[in-house]
A.B. asks: 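Below are the structure tokens for one structure; questions will follow.
Every value quoted in this text rests on a predicted model; they were computed, and no experiment measured them. Numbers restart at 1 for each chain; the letters A, B, ... are given by sequence-line order, proteins then strands.
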2 protein chains.
Amino acid sequence: MRIGQLARLVDVDTQTIRFYEQQGLLPPPDRQENGYRVYTDKHAERLAFIRRCRILNLSLAEIHKLQSYQDDPHQPCSAVNALLDDHIYHVRSQITALQSLEKQLVSLRGSCNDGREVEACGILAGISERSTKAP
Amino acid sequence: MRIGQLARLVDVDTQTIRFYEQQGLLPPPDRQENGYRVYTDKHAERLAFIRRCRILNLSLAEIHKLQSYQDDPHQPCSAVNALLDDHIYHVRSQITALQSLEKQLVSLRGSCNDGREVEACGILAGISERSTKAP
DNA sequence: GTTGACCTTATAGTAACTATATGGTTTTTA
DNA sequence: TAAAAACCATATAGTTACTATAAGGTCAAC
């Protein structure tokens, strides 16, 4: 199949497919005489795998690692588990950081209501006075 | 004061200060005869304001807007409130997205324990089989 | 007079694409 | 059959908010 069909099949932009190839995530396919890329079902599987990983927010580097594990199937899979544990930890850190940020923002938002002039705006005042560390 | 002193004072890299100037967030300071930038306390205040906004995860574009409000202090401050409301909404969306992601990751992680070979790894199998939409 | 700390500009790199420009090929339609 | 539409190719630049590098000018101290 050609790149456009593959793109529709996996719901990815053709540019993105070429990008993954360039990044070494998708093996370079054979070419027709005219230079068009020709993909197999293996490519489609691999591309779908990449996309599912991206939905899980895994970076291209992490996906690269997972693929190298896949390509050497008799290794112990503890590395896969460790990668996912790391990623879960990372996501949890992001969540707590954003939750504390949300608190700050809501408290700041409470310091002003509509109807004032900017000069008297409690929010701008709040940002200006707030120490860089305090919650 | 020169750029290095300002950088230490506000705890920002000198490069970042020049970057903010280039982006129009920090007004271009006067120069000494040798071309060195000379900053005033006003600059330090403005830079600190920018940094506090960045800690609140506001984008440079949002900071730009806030500054334009500050520079025209007799406007109603409802725009400031709206900007912050938007930002809070954005942060909350990020949090819920990450929480659902965390759930998926934890469930995936539960599908494999150490001690297997990659070939039999429940995680890789899980990614490979998982539909792109299901939770 | 040279070492070191400071300053200057310009350019490239980061992540993961997305968009644009330019041009060749194939398929469809009038 | 010829032109239009759809597809393919490459290369390059843009996005965000910096950070890093290169190559060089200035200043004080030793």
A.B. asks: Using the rule given for side chain to side chain donor-acceptor pair (under 3.5 Å), can you reason through B:His43 versus B:Thr40, listing the C-alpha separation, both sets of side-chain angles and the distance that settles it, and then say yes or no?
C.D. replies: CA-CA 5 Å; B:His43 285 100; B:Thr40 65; 3.0 Å; yes
A.B. asks: Please determine whether a side-chain nitrogen of the Lys or Arg among A:Arg46 and A:Asp71 lies less than 4.0 Å from a carboxylate oxygen of the Asp or Glu.
C.D. replies: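 Looking at A:Asp71 together with A:Arg46, the answer is yes, because their closest N to O distance falls below 4.0 Å.
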A.B. asks: Do B:Leu66 and A:Ile123 touch side chain to side chain, with heavy atoms closer than 4.5 Å?
C.D. replies: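 No, too far: nothing below the 4.5 Å cut-off.
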A.B. asks: Rounded off to whole Å, could you give me the CG-to-C1' distance for the B:Asp13 and D:dT21 pair?
C.D. replies: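 Computing the B:Asp13:CG to D:dT21:C1' distance gives 13 Å.
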A.B. asks: Strictly below 4.0 Å, heavy-atom distances to any atom of DNA chain C: list the hits from residues 91-101 of chain B, or just say none.
C.D. replies: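 Within residues 91-101 of chain B, no residue comes under 4.0 Å of DNA chain C.
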A.B. asks: Roughly how far, to the nearest 0.5 Å, is the CD1 atom of B:Ile50 from the NE2 atom of B:His64?
C.D. replies: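 Output value for this atom pair is 10.0 Å.
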A.B. asks: Whole Å only: how far is the CG atom of A:Asp11 from the P atom of C:dT18?
C.D. replies: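 Going from A:Asp11 (CG) to C:dT18 (P), I get 11 Å.
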A.B. asks: Starting from C1' on D:dG25, measure out to CD on B:Gln32 and report it in whole angstrom.
C.D. replies: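 The distance from CD of B:Gln32 to C1' of D:dG25 comes to 13 Å, rounded to the nearest Å.
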A.B. asks: Under a 4.5 Å cut-off applied to non-hydrogen side-chain atoms, are A:Arg37 and A:Arg18 in contact?
C.D. replies: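 Yes. Closest side-chain heavy atoms under 4.5 Å.
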A.B. asks: Side-chain contact test, heavy atoms from C-beta onward, threshold under 4.5 Å: evaluate it for A:Ile17 versus A:Glu21 and give yes or no.
C.D. replies: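 Sidechains of A:Glu21 and A:Ile17: no contact.
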A.B. asks: Any chance you could list the contact pattern along nucleotides 6-17 of chain C? Use B for base contacts, S for sugar-phosphate-only contacts and - for none, protein heavy atoms under 4.0 Å, 5' to 3'.
C.D. replies: BSBB------BB
A.B. asks: Taking five pairs at each end of the helix from C:dG1-D:dC30 to C:dA30-D:dT1, what angle separates the two helix axes (nearest 10°)?
C.D. replies: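 Roughly 30°, once rounded to the nearest ten degrees.
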A.B. asks: Do you know the tightest heavy-atom contact between A:Val38 and A:Gln32?
C.D. replies: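 Between these two residues, the closest heavy atoms are CG2-CG, 3.4 Å.
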A.B. asks: Does B:Asn34, at its CG atom, have more than 12 non-hydrogen atoms belonging to other residues, nucleotides or ligands within less than 6.0 Å?
C.D. replies: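 Count over threshold, so yes.
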A.B. asks: What is the distance, to the nearest angstrom, from the CE atom on A:Met1 to the C1' atom on D:dC8?
C.D. replies: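 So the two atoms are 16 Å apart, to the nearest Å.
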A.B. asks: For residues B:Asp41 and B:Met1, determine if any side-chain heavy atom of one lies less than 4.5 Å from a side-chain heavy atom of the other.
C.D. replies: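 SC-SC contact between B:Asp41 and B:Met1 confirmed.
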A.B. asks: Once rounded to the nearest 0.5 Å, what's the spacing between atom CD of A:Gln23 and atom CD1 of A:Ile63?
C.D. replies: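 Taking CD in A:Gln23 and CD1 in A:Ile63, the distance rounds to 11.0 Å.
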